[in-house]
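Index from 1, following the sequence. Because only heavy atoms are used, hydrogens play no part in the values below, and waters and symmetry mates are left out as well, while side chains stay in. Whatever order the structure lists them in is the order used to number ligands and atoms, beginning at 1.
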Amino acid sequence: MKTIQAVRGMHDITPDQSGHWSRLEQAVAEVFSSYAYREIRMPLVESTRLFHRSIGEVTDIVEKEMYTFPDRNDESLALRPEGTAGCVRAVIENGLLNTPQKLWYGGPMFRYEKPQKGRYRQFHQIGAEVFGYPDVEVEAEMLLLNQRFWTRLGLDKNVSLQLNNIGDSETRANYKAALVDYLSAHKESLDADSLRRLDLNPMRILDSKNRDTQKLLNDAPQMAGFLSEASLQRVEQLNALLQNQGVKVEHNPRLVRGLDYYNDTVFEWVSNDLGAQGTVCGGGRYDGLVEQLGGKSIPAIGFAMGVERLYLLLEAQAFAALKGSDAPDAYFIVAADPLQSFAFDLAERLRNAKPQFKIMHNLATTSMKSQFKKADKSGARYAFVIGEDEVANASVTVKDLQNGEQAQYAIGDSLDNLLAGLKS
Ligand code: ATP
Ligand code: MG
């Protein structure tokens, strides 16, 4: 019989990987907490309409990448392709917008894409959305928070910041018109995708990966020439704040981001070490979205990181910045079945006394030699040996697997001697 495999582009996180995943998530959560961001958890499934209305009809995500299905009541549902729309829905629905909110979330997202390194159909994002701050200080703080991720993860040499300002809706309307004029005069150099976008969403053409289109865009009108006084001022203020904090910035006038809801500041953190999938984090301001989804008019900004891409960067450094290990502290080796009850007693007393201590109790009484081999292979620091002699004397023999030292501890009345003998 043919074995059933995981869905293409969807991956297991194996036990050898999951420890690194948790430590990565833990480090990120700590950084969020140091900026007083609080976690929000949204459902993985939302009404399809939510994404059509927020992300935009003429975007890759909505046009080509969404997993949608009718439920049994014939309502169209979608596996979330990103977190912002659901988060905005949630803050409106839960009445959270009476005060500013700094929120973060994490979890799986789903997009029907062509799977390749750094691009999957189920992938994970950790993102944040901040509501209620109109000025550039929130941009600055968010980018500082991002930068702190990279330092904390040891990736500050691997990623760099690209920034752009895409203006307000008036700017974009004027710019769109100019861009359409320019591109319409060069239709012969546009591919089918870009031609279609020319009518529907011309700014997305700036994002095109097509070489000819890229070349054509070199001489296209630039957004910067269309920015309002207010937007230009924001650019300057943000630059100054970032410069004062030592954040290096590259201005990328082509950066538009793949979703429709952004305005003014947009940014991406990119790496040269991931091939074509170089963006590890992207975000921007989206002041119109809350109102567009039925809430009040409130400024907002957010970002999302691709966890698999971060993981790839960390893996290349053997996870050096993420201290910790899944290896047991103690590996219980038991000489014969009748001694197991004694071993259980000790293991449970030890867990009571030392809750962080990881105890791997080998539950199969194979030969001592084979059990010692397993203990070594597990990476455990100590082998706890329980044989006839140990049980007779209410004791345990502890072998330090790092230096081979061995000692026997009485455990009849208390574990104090044993605990004192274990190095931290
Ligand atoms: P890309 O240009 O790589 O397709 P995007 O603009 O579609 O990215 P966003 O919607 O901004 O991506 O998502 C934020 C981050 O999530 C990306 O920068 C990336 O790190 C990650 N990401 C997006 N799509 C995928 C995917 N299919 N697989 C893995 N990570 C992804
Ligand atoms: Mg994409």
Against heavy atoms of [X], which atoms of ligand 1 measure under 4.0 Å?
{"X": "Glu113", "answer": "24 (N), 25 (C), 26 (C), 27 (N)"}
{"X": "Val280", "answer": "18 (O), 20 (O)"}
{"X": "Thr279", "answer": "17 (C), 18 (O), 19 (C), 20 (O)"}

Pairs flagged by side chain to side chain donor-acceptor pair (under 3.5 Å) wherever residues 317-327 is involved - sequence neighbours left out: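 Every pair satisfying side chain to side chain donor-acceptor pair (under 3.5 Å) with a residue in residues 317-327: Arg23-Asp326, Asn158-Gln317.
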
Out of Gln122, Arg119, Lys209, Gln277, who gets a non-hydrogen atom closest to atom 3 (O) of ligand 1?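 When every heavy atom of Gln122, Arg119, Lys209, Gln277 is considered, Arg119 comes closest to atom 3 (O) of ligand 1.
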
Residue-ligand contact Arg309/ligand 1, heavy atom below 4.0 Å: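 A heavy atom of Arg309 does come that close to ligand 1.
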
Taking the six-membered ring of Tyr133 as reference, does the cationic atom of Lys102 (NZ for Lys, CZ for Arg) lie under 6.0 Å from its centre and within 45° of its axis?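 Yes, a cation-pi geometry.
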
Between Gln237 and Gln233: side-chain donor-acceptor atoms closer than 3.5 Å: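 The criterion, which ignores hydrogens and geometry beyond distance, is not satisfied for Gln233 and Gln237.
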
Which of parallel (below 30°), tilted (30 to 60°) and perpendicular (above 60°) describes Tyr182 and His186?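 It falls in the tilted class, 30° to 60°.
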
Side-chain donor-acceptor pairs of residues 292-304 under 3.5 Å, sequence neighbours excluded:
residue	atom	partner	partner atom	Å
Gln292	NE2	Arg53	O	2.6
Lys296	NZ	Leu97	O	2.9

Sub-3.5 Å N/O-N/O distance, Gly306 and ligand 1: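 Checking ligand 1 against Gly306, an N or O pair does fall under 3.5 Å apart.
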
Under 4.0 Å from ligand 1, counting heavy atoms only, is it the side chain of Arg111, its backbone, both or neither?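 It is the side chain that touches ligand 1; the backbone stays farther off.
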
Within reach of ligand 1, part of Gln125 (heavy-atom separation under 4.0 Å):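 It is the side chain that touches ligand 1; the backbone stays farther off.
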
Looking at Thr213, Asn210, Leu216, which one forms a side chain to side chain contact (heavy atoms under 4.5 Å, CB included) with Ile205?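 For Ile205, the side chain to side chain contact (heavy atoms under 4.5 Å, CB included) check succeeds only for Thr213.
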
